[in-house]
Amino acid sequence: MTDHEHATENICRRLVGRTAVITGAGSGIGLAAARRLASEGAHVVCGDIDEKAGKAAADEAGGLFVRVDVTDPDEVEALFEAAYDTYGSVDVAFNNAGISPPDDDSILDTGLDAWKRVQEVNLTSVYLCCKAALPYMRRQGRGSIINTASFVARMGAATSQISYTASKGGVLAMSRELGVQFAREGIRVNALCPGPVDTPLLRELFAKDPERAARRLVHIPLGRFARAEEIAAAVAFLASDDSSFVNATDFLVDGGIAGAYVTPL
């Protein structure tokens, strides 16, 4: 039995018959979420700009792959339309795609092009995905939207990635507003706020700057970065009826960072 099979063998199936659309499904948190939601019975629609990785994720989850540039309104519309046409509903939207490029750094060094690119992928894409998903959910009278923000939407860092931080703050504020606006239509909207996660994106960033990794790790009370599967478990909770009274909030899964002043030795 693999570690993944062992971790999921006793998972309850809370999402049987529901359709979950995931962006950035080809790797990291998105891939872990695709596996987890499928294990709970969901029809998983994997959206990604990387056709090879996205298709592999969909095949593993027994779902549908749709190539999507999340900054393109027409392609985002087509993603959710494909989900509805294939499975008959859009019950969960995990708007997760994002980037963290090395040229997004201190405000003193980050150029306008880098700023705009991160805002487009991390924030505008969430706006487009919410805009596309909401009409389906309103017709159904139910739905859960989970937008990937970050613990940096709540905290400041001297190791700044200024556009990333600003984009995630925008995701948090937008999620809160949508959660309030559509609450009485049976739709919940929450901002998932992970701490640093051991993903290829983070590994690539920190491999280029080990000092940055060490400087961040010391602030985590648990003493390690999160596993993608731990974030996926929170996604599954927010997607399910177990979180039926969780709405318009920042759902922190950060190992205690936001609650810490001095961490253990």
Side-chain angles (χ1 to χ4, degrees), residues 11-25 29-30 32-34 36-37 40-45 47 70 76 79-80 83-84 89-98 122-155 167-195 197 226 230-259:
I11 287 173
C12 53
R13 291 171 60 81
R14 298 174 289 188
L15 302 172
V16 174
R18 300 189 188 182
T19 304
V21 179
I22 301 172
T23 62
I29 294 170
R36 178 63 185 252
L37 299 189
E40 296 215 17
H43 304 298
V44 177
V45 179
V70 292
V76 170
L79 170 67
F80 286 91
Y84 181 80
S89 64
V90 176
D91 303 291
V92 177
F94 180 33
N95 303 323
N96 168 71
N122 289 9
L123 179 57
T124 302
S125 73
V126 175
Y127 156 81
L128 292 173
C129 287
C130 289
K131 192 177 182 70
L134 278 163
Y136 295 101
M137 294 181 175
R138 293 183 76 194
R139 286 199 298 269
Q140 296 163 183
R142 70 177 190 278
S144 175
I145 295 176
I146 305 152
N147 296 324
T148 300
S150 170
F151 76 107
V152 301
R154 288 270 313 268
M155 303 182 71
S167 72
K168 295 304 186 179
V171 169
L172 173 55
M174 180 165 54
S175 302
R176 185 186 298 118
E177 183 135 322
L178 295 178
V180 171
Q181 183 178 357
F182 295 101
R184 296 192 183 180
E185 296 186 52
I187 300 166
R188 296 181 295 109
V189 186
N190 290 292
L192 179 69
C193 295
V197 184
E230 292 174 306
I231 310 302
V235 175
F237 169 70
L238 291 171
S240 77
D241 291 342
D242 282 351
S243 61
S244 56
F245 208 61
V246 180
N247 184 43
T249 193
D250 47 343
F251 198 86
L252 278 162
V253 188
D254 69 348
I257 296 172

Contact check, side chains of S125 and N95, non-hydrogen atoms, under 4.5 Å
no

Is the number of heavy atoms from other residues, nucleotides or ligands under 6.0 Å of F237 CZ greater than 12?
yes

Just verifying a value: how many Å separate C130 SG and I187 CD1, rounded to the nearest 0.5 Å?
10.5 Å

Nearest heavy-atom approach of S144 to L238 is OG-O, 2.8 Å

Minimum heavy-atom separation for P194 and A149, please, with both atom names.
CD-O, 3.7 Å

Tightest non-hydrogen contact, residues A97 and G24, listed as CB-N, 3.8 Å

Any side-chain to backbone donor/acceptor pair from N147 onto V171? Under 3.5 Å, distance only.
no

Would you say L128 and V70 make side-chain contact, with heavy atoms under 4.5 Å?
no

Do the non-hydrogen side-chain atoms of I231 and L192 ever get within less than 4.5 Å of each other?
yes

Is there a side-chain contact between S89 and Q140, using heavy atoms and a 4.5 Å cut-off?
yes

What I want to find out is whether R142 reaches D241 closely enough, with some N-O distance under 4.0 Å, to be called a salt bridge.
no

Between the side chains of E185 and R138, is the shortest nitrogen-to-carboxylate-oxygen separation below 4.0 Å, so that they form an ion pair?
yes

Closest heavy-atom contact between A236 and E40?
CB-OE2, 3.6 Å

Heavy-atom nearest pair, N247 first then A183, reads ND2-CB, 3.6 Å

Which value, rounded to the nearest 0.5 Å, describes the distance between D250 atom CG and S150 atom OG?
11.0 Å

Hey, what do you get for CE (M155) to SG (C193), rounding to the nearest 0.5 Å?
12.0 Å

Side-chain touch V92/V21, heavy atoms, less than 4.5 angstrom
no

Candidate pair I29 and F94, rule side-chain contact (heavy atoms from CB on, under 4.5 Å), full reasoning
CA-CA 10 Å; I29 294 170; F94 180 33; 3.8 Å; yes

Step through the shown structure and confirm whether more than 12 heavy atoms of other residues, nucleotides or ligands are within 6.0 Å of CZ on F251.
yes

Would you say R14 has more than 12 foreign heavy atoms packed within less than 6.0 Å of its CZ?
yes

Close side-chain approach of C129 and F80, heavy atoms under 4.5 Å
yes

Using the side-chain contact (heavy atoms from CB on, under 4.5 Å) rule, take R188 and S243 through it: C-alpha gap first, then chi angles, then the decisive distance, then the call.
CA-CA 9 Å; R188 296 181 295 109; S243 61; 3.0 Å; yes

Taking side chain as C-beta onward, heavy atoms only, is R13 less than 4.5 Å from V16?
yes

Check against side-chain contact (heavy atoms from CB on, under 4.5 Å), L178 and I145:
CA-CA 9 Å; L178 295 178; I145 295 176; 5.7 Å; no

Starting from the C-alpha separation in whole Å, work towards a yes-or-no answer on side-chain contact (heavy atoms from CB on, under 4.5 Å) for L123 and M174.
CA-CA 9 Å; L123 179 57; M174 180 165 54; 3.9 Å; yes

Hey, are the side chains of V235 and T148 touching, using non-hydrogen atoms and a 4.5 Å cut-off?
no

How close do L15 and A239 get, heavy atom to heavy atom, and via which atoms?
CD2-O, 3.8 Å

Main-chain N/O of N190 paired with T249 side-chain donor or acceptor, under 3.5 Å
no

